[in-house]
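All values below were derived from every heavy atom in this structure, side-chain atoms included, with hydrogens, water molecules and symmetry-related copies excluded. Model, not experiment: these values are computed from the prediction.
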Amino acid sequence: TGRRRIYIAGGAGVGKTTLLRKLAGSTGFPAFELDALLWTEGGSGERIPEPDRIEIIHNIAFADWIADGAYVGWAQELWREADLVIFLDTSLKVMLWRVFWRHVKA
């Protein structure tokens, strides 16, 4: 059946991670939230140096995966290797509301 690599892109609060989790759950593919690859300690620590992030991306780029993120520069290998790129978009009002509630919950 060949490789299966899906990149989910879009701005903050459009539903990238929600879709990532649903697709990963239904396909069994490994899921990668790129926000978690940008920071240590699962997103709450220090910024991971770009060369290290690029190496992490390279190590996952050639297997089956689903990834989400708004990153282009250091994640471009995933963009190139993706079989499908899904771009999510929603209204600014919905995005702002979702980002607001995300921070309130945190």
Side-chain angles (χ1 to χ4, degrees):
T1 60
R3 66 185 191 183
R4 302 219 168 93
R5 302 171 187 158
I6 302 169
Y7 192 95
I8 304 167
V14 297
K16 295 182 304 293
T17 302
T18 299
L19 180 58
L20 170 89
R21 292 176 182 158
K22 288 181 180 183
L23 286 175
S26 65
T27 63
F29 295 170
F32 298 96
E33 295 178 46
L34 296 190
D35 285 343
L37 299 179
L38 179 59
W39 307 98
T40 62
E41 301 173 30
S44 62
E46 297 179 18
R47 190 176 182 114
I48 295 172
E50 186 168 343
D52 295 340
R53 283 181 272 143
I54 291 170
E55 182 178 346
I56 293 167
I57 293 295
H58 181 73
N59 289 334
I60 65 173
F62 298 101
D64 289 346
W65 47 262
I66 302 171
D68 80 335
Y71 307 101
V72 177
W74 59 270
Q76 62 185 271
E77 188 169 20
L78 293 183
W79 287 84
R80 282 193 306 268
E81 294 302 323
D83 298 307
L84 175 66
V85 174
I86 300 170
F87 181 80
L88 298 180
D89 192 16
T90 190
S91 72
L92 179 60
K93 181 179 176 181
V94 170
M95 289 172 61
L96 291 174
W97 182 252
R98 288 176 179 169
V99 170
F100 170 76
W101 275 111
R102 178 186 305 160
H103 289 284
V104 167
K105 291 177 190 177

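- Between Trp97 and Trp101, the ring-plane angle classifies as perpendicular under the 30° and 60° cut-offs.
- One distance of note links CD1 of Ile56 with CD of Glu77; it measures 12.5 Å at 0.5 Å rounding.
- The aromatic rings of Tyr7 and Trp65 lie perpendicular to each other, with more than 60° between the two planes, well past the 30° mark.
- To the nearest 0.5 Å, atom CD1 of residue Ile66 and atom CD1 of residue Ile6 are 4.5 Å apart.
- Sequence neighbours left out, the pairs with a member in residues 14-23 that pass side-chain hydrogen bond (donor to acceptor under 3.5 Å, both in side chains) are Thr17-Asp68, Arg21-Glu33.
- Put simply, Trp79 and Tyr71 are part of the same group of oily side chains (I, L, V, M, F, W, Y) that touch within less than 4.5 Å, one to the next.
- Residue Leu34 is not grouped with residue Ile48 when hydrophobic side chains (ILVMFWY) are merged at heavy-atom distances under 4.5 angstrom, including chains of intermediate members.
- With hydrophobic clusters built from ILVMFWY side chains whose heavy atoms lie under 4.5 angstrom apart, Val85 shares a cluster with Trp74.
- Here Leu96 is tied into one hydrophobic group with Leu92, each link being a pair of ILVMFWY side chains closer than 4.5 Å.
- Expressed to the nearest 0.5 Å, how far CZ of Arg5 lies from CG of Leu78 amounts to 9.5 Å.
- Atoms CG and CD, on Leu38 and Glu50 in that order, are 10.0 Å from each other to the nearest 0.5 Å.
- Heavy-atom minimum distance, Gly10 versus Ala70: O-CB, 3.4 Å.
- Here the side chain of Thr90 pairs no donor or acceptor atom with the backbone of Met95 at under 3.5 angstrom.
- In this structure, Leu37 CG and Ile54 CD1 are separated by 12.5 Å, a value rounded to the nearest 0.5 Å.
- A continuous path of hydrophobic side-chain contacts links Leu23 to Leu84 [ILVMFWY only; heavy atoms under 4.5 Å].
- A distance of 8.5 Å separates CZ in Phe32 from CD1 in Ile57, rounded to the nearest 0.5 Å.
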